[in-house]
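Structure record follows, encoded as structure tokens.
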Amino acid sequence: GQVEANLTERLKATARLRYDLAYFISSPEYNPVLEQELGLRNDTNPIDWDNIQPRLNLTWDVTGDGRNILQGGAGWFQGQTLTRPYAQAFVFNGLRFYEVEAEGGAVPTPDYEAYEEDFANLPGESLAPPEGERQQIVRLLDTNYEMPYAFRANVSYHRYLTDWLRVGANLYYNKVMDLPYVQNPN
């Protein structure tokens, strides 16, 4: 929601409050070998509940004639839900894919409807490596997975020289937190 108020004739405040829930609908298929060998569960389905984003903006008409404007604002901004790590946790779960490489004429024409109907319709021979072959890449989501967010603040001053010409200066501050990272538990 948003609310605006004229605190004085020359000072206006705008306050905003936003909430985002980051929730993934389903979990990757459970890989029991991963838990037995490394003690890691791959079937996590994190929920990020704490995405409250307050924001405040103040606008001051310094001289009262609309020609000298000082503005300042600050607030929390939630990042977009990161779907790539989520999708990779499904694909690279240690159960289905090993590695698929195709070049030139060897690249099949995709039939996505058939793939959705049955996983066995994917082209190629076995997608699982023979026993004792190269290690697989397994992507996991942390149960404490958080969406990235930023604290942003700015101050600006503008002077209108004419009705169509303005000069000004701006200062910005930005701090981003909870960026995703990859960790190798081996």
Side-chain angles (χ1 to χ4, degrees), residues 1-2 15-56 73-153 172-186:
Q2 176 174 309
R16 298 176 184 96
L17 185 61
R18 177 182 169 128
Y19 177 76
D20 286 319
L21 173 65
Y23 171 67
F24 298 110
I25 295 172
S26 56
S27 302
E29 186 177 346
Y30 174 64
N31 183 340
V33 175
L34 188 63
E35 186 173 19
Q36 291 166 3
E37 296 294 324
L38 297 175
L40 300 171
R41 290 193 65 107
N42 70 311
D43 60 341
T44 59
N45 191 8
I47 301 174
D48 189 358
W49 294 98
D50 60 351
N51 301 320
I52 297 173
Q53 303 160 67
R55 302 166 190 172
L56 178 65
W76 296 97
F77 295 83
Q78 186 68 35
Q80 294 273 334
T81 300
L82 300 175
T83 57
R84 187 172 186 151
Y86 179 64
Q88 287 182 343
F90 275 82
V91 174
F92 299 107
N93 61 7
L95 297 171
R96 294 189 172 160
F97 284 102
Y98 176 58
E99 187 173 299
V100 177
E101 291 184 23
E103 296 179 9
V107 178
T109 303
D111 183 357
Y112 297 111
E113 289 179 15
Y115 305 159
E116 287 180 18
E117 286 177 22
D118 186 357
F119 187 75
N121 290 332
L122 285 169
E125 296 176 21
S126 173
L127 295 176
E131 280 299 314
E133 289 286 326
R134 291 180 18 196
Q135 294 178 343
Q136 294 187 29
I137 294 174
V138 177
R139 304 267 189 225
L140 308 170
L141 289 174
D142 190 317
T143 55
N144 298 316
Y145 184 70
E146 297 274 334
M147 295 299 128
Y149 64 99
F151 176 77
R152 296 180 180 148
Y172 296 96
Y173 173 81
N174 190 28
K175 177 162 175 81
V176 179
M177 290 150 276
D178 283 340
L179 287 172
Y181 61 92
V182 177
Q183 178 181 357
N184 185 347
N186 289 321

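When a residue number appears, it is its place in the shown sequence, counting from 1.
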Qualifying residues under side chain to side chain contact (heavy atoms under 4.5 Å, CB included), relative to A87, sequence neighbours excluded:
none

At what distance, to the nearest 0.5 angstrom, does CZ of F151 lie from CE of M177?
8.0 Å

Checking Q53 side chain against N51 main chain: does a donor-acceptor pair fall under 3.5 Å?
yes

Minimum heavy-atom distance P28-A89, with the two atoms named
CB-O, 3.5 Å

Just by distance, do the side chain of N93 and the backbone of Y30 share a donor-acceptor pair under 3.5 Å?
no

If you take all heavy atoms of N42 and E29, which pair is closest and at what distance?
ND2-O, 2.7 Å

Quick one about Y19 and Q78 (side-chain donor to acceptor, distance below 3.5 Å, no hydrogens or angles considered), yes or no?
no

State the CG-CG distance between D48 and D20, to the nearest 0.5 angstrom.
9.5 Å

Please list, one pair per line, the donor and acceptor atoms closer than 3.5 Å that link side chains of residues 138-149 to other protein atoms, with sequence neighbours excluded.
residue, atom, partner, partner atom, Å
D142, OD1, N144, N, 2.7

Expected output: side-chain D118 to main-chain Y115 donor-acceptor under 3.5 Å:
no

Would you mind reporting whether R18 and R55 have side-chain heavy atoms less than 4.5 Å apart?
yes

Evaluation steps, side-chain contact (heavy atoms from CB on, under 4.5 Å), between W49 and L21
CA-CA 6 Å; W49 294 98; L21 173 65; 3.7 Å; yes

To the nearest 0.5 Å, atom CG of D178 lies from atom CG of D50 at 8.0 Å

Within a strict 4.5 Å, meaning less than it, do heavy atoms of the S26 and Y86 side chains meet?
yes

Considering all heavy atoms of both residues, which atom of N45 and which atom of S27 are nearest to each other, and what is their separation?
CB-OG, 3.1 Å

For E113, is the CD atom crowded, meaning more than 12 foreign heavy atoms sit under 6.0 Å from it?
no

